[in-house]
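Note sheet for the following structure.
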Amino acid sequence: MKRSNRRVVRFGLPVAALALALAGAATAGMIARATAAVTRVTVTETEYHLTFSRKTFSPGVYTFIALDKGKIAHSLAISGPGIRQKQLSGNVNPGGARPLTVTLRNGTYSIWCPVPGHAGRGMKATIKVGTGGTTAPATTKKSGWG
C-alpha cells in the first residue's frame, strides 16, 4: 500500500508541475499579446498647449504619456465614449512624464489639463476615433469650456 501511494505522489508531482508550467506559459502569452496591442502616444504639455505625437486614432488601447516640458506642473484627463472622466492622480512636474491608459472606441474624445485654469487657457484638445479605421487629426482648441 505505501509503495503505491509513493508512486502516485511521485507521479503526481511532475504532472502538477507540468500543469503549472503550461498555465504560466499560457498566461504569459496572454499578457504579451495584451501588451503588444497598446499604442503609446506622447502628449507634450507646455504653457498652455498640448501637442500629440500621433495625428490619427483607431479604436483600441492607448497609453497617453503626459510629458511636461513646461515650467509649471500639469496633468492629463480624458472623457468620451466609454470614459466618463479618467485622469492622472496628481500632477506631472516639469521634466516629468506619467502614463494614462484608456480604451478608445469610435467617437469624439476631449483631452485636457485638469489643473485649474489650464484648459481655459488652451490646454485642451479633441480627438476623433473613426468608424471603420477612418480617423481625424488631434486638434488644440483655444476657446470653449475650461
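Note that the structure is predicted; figures quoted are calculated from it, not measured.
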Straight-line distance of Ile127 CD1 to Phe57 CZ, nearest 0.5 Å: 4.5 Å
CD1 of Ile83 to CD1 of Ile78, rounded to nearest 0.5 Å, is 4.5 Å
Going by the angle between their ring planes, with limits at 30° and 60°, are His118 and Tyr48 parallel, tilted or perpendicular? perpendicular
Interatomic distance, SG@Cys113 vs NE2@His49, rounded to 0.5 Å, equals 13.0 Å
Between the OG1 atom in Thr39 and the OH atom in Tyr62, the distance rounded to the nearest 0.5 Å is 5.0 Å
Under 4.5 Å between any side-chain heavy atoms of Pro59 and Arg105, yes or no? no
Any idea which heavy atoms bring Ser79 and Arg84 closest together, and the distance? CB-O, 3.0 Å
For Lys69 and Glu45: C-alpha separation, side-chain torsions, deciding distance, then whether side-chain contact (heavy atoms from CB on, under 4.5 Å) applies. CA-CA 6 Å; Lys69 286 202 171 183; Glu45 299 178 307; over 6 Å; no
Are Gln87 and Pro114 packed together at the side-chain level, in the sense that at least one heavy-atom pair is separated by less than 4.5 angstrom? yes
Smallest separation among heavy atoms of Ala125 and Leu50, with atom names: N-CD1, 4.1 Å
State yes or no: do Val43 and Val102 share one hydrophobic cluster built from I, L, V, M, F, W and Y residues joined by side-chain heavy-atom distances below 4.5 Å, directly or via other members? yes
Output yes when a side-chain donor or acceptor of Lys128 lies under 3.5 Å from a complementary backbone atom of Asn106, and no otherwise. no
Does the Arg98 side chain pair with the main chain of Ser89, one donor and one acceptor, at a distance under 3.5 Å? yes
State, with a plain yes or no, whether a side-chain heavy atom of Thr126 is found less than 4.5 Å away from one of Thr108. yes
Correct closest heavy-atom pair for Gly107 and Pro81 would be CA-CG, 4.0 Å
Which heavy atom in Val115 sits nearest to a heavy atom in Ala73, and how many Å separate them? CG2-O, 4.1 Å
Show, in sequence, the C-alpha distance, side-chain angles and deciding distance for Thr44 and Thr51, and conclude whether the side chain to side chain donor-acceptor pair (under 3.5 Å) test is met. CA-CA 5 Å; Thr44 303; Thr51 303; 5.8 Å; no
Flag, side chain of Glu47 to backbone of Ile72, donor-acceptor distance under 3.5 Å: yes
Name the one of Leu100, Val92, Asn91 that satisfies side chain to side chain contact (heavy atoms under 4.5 Å, CB included) with Ser75? Asn91
Is there a path of hydrophobic side-chain contacts, each under 4.5 Å between heavy atoms of I/L/V/M/F/W/Y residues, joining Met123 to Phe52? yes
Could you pull out the closest heavy-atom pair between Pro99 and Leu88, with the gap in Å? O-CD2, 3.2 Å
Drop me the distance from Thr103's OG1 to Lys86's NZ, to the nearest 0.5 angstrom. 7.5 Å
Heavy-atom side-chain contact between Thr42 and Phe64 under 4.5 Å: no
Answer yes if Val41 and Val129 sit in the same cluster of Ile, Leu, Val, Met, Phe, Trp and Tyr residues linked by side chain heavy atoms under 4.5 Å apart, and no otherwise. yes
